[in-house]
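Working notes, structure below.
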Amino acid sequence: MFDSCRSFFLRSLFNLQVSDFKQQTSHLKQKISHFKQETFRLKQENFHLKQETSRLKQETFHFKQKISHFKQQNLNFELERSR
């Protein structure tokens with residue numbers, strides 16, 4: 001009698017532990033899935049930010065060229081005026 005009660009108790013305890021483990025596993029799988037989605041989103045955002053950075057660098061380069069051009073024109077104008 002004692003052995004059957006003990007066996008029942010141990011089996012129940014084991015089943016509870018298995019159930020708890022399955023629940024924790026499921027929760028961790030959800031977390032992993034969320035992290036994967038977030039990682040993908042951040043990689044996309046990073047890609048777009050790199051594209052924007054590249055565009056802004058190119059734009060800055062063109063503005064610098066324009067400034068240089070205007071400075072040269074101004075210099076030429078000043079030289080012409082001084083003659």
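- Under the side-chain contact (heavy atoms from CB on, under 4.5 Å) criterion, Glu38 pairs with Arg41, Leu42, sequence neighbours left out.
- Under the rule for a side-chain contact (heavy atoms from CB on, under 4.5 Å), the partners of Phe70 that lie at least two apart in sequence or sit in another chain are Lys66, Gln73.
- For the atom pair CD of Glu59 and CD of Glu52, the computed distance is 8.5 Å after rounding to the nearest 0.5 Å.
- Residues in residues 7-17 take part in these side chain to side chain donor-acceptor pair (under 3.5 Å) pairs, two or more places apart or across chains: Ser7-Arg11.
- One finds the CZ atom of Phe77 at 10.5 Å from the OG atom of Ser82 (value rounded to the nearest 0.5 Å).
- In this structure, Leu75 CG and Glu80 CD are separated by 12.0 Å, a value rounded to the nearest 0.5 Å.
- Within a 6.0 Å radius of CZ in Arg6, no more than 12 heavy atoms belonging to other residues, nucleotides or ligands are found.
- Under the side-chain contact (heavy atoms from CB on, under 4.5 Å) criterion, Thr53 pairs with Lys57, not counting sequence neighbours.
- Checked against side-chain contact (heavy atoms from CB on, under 4.5 Å), Phe61 has the following partners two or more places apart in sequence or in another chain: Gln65.
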Contacts table for residues 21-36: side-chain donor-acceptor under 3.5 angstrom, sequence neighbours left out:
residue: Gln24; atom: NE2; partner: Asp20; partner atom: OD2; Å: 3.2
residue: Thr25; atom: OG1; partner: Phe21; partner atom: O; Å: 2.8

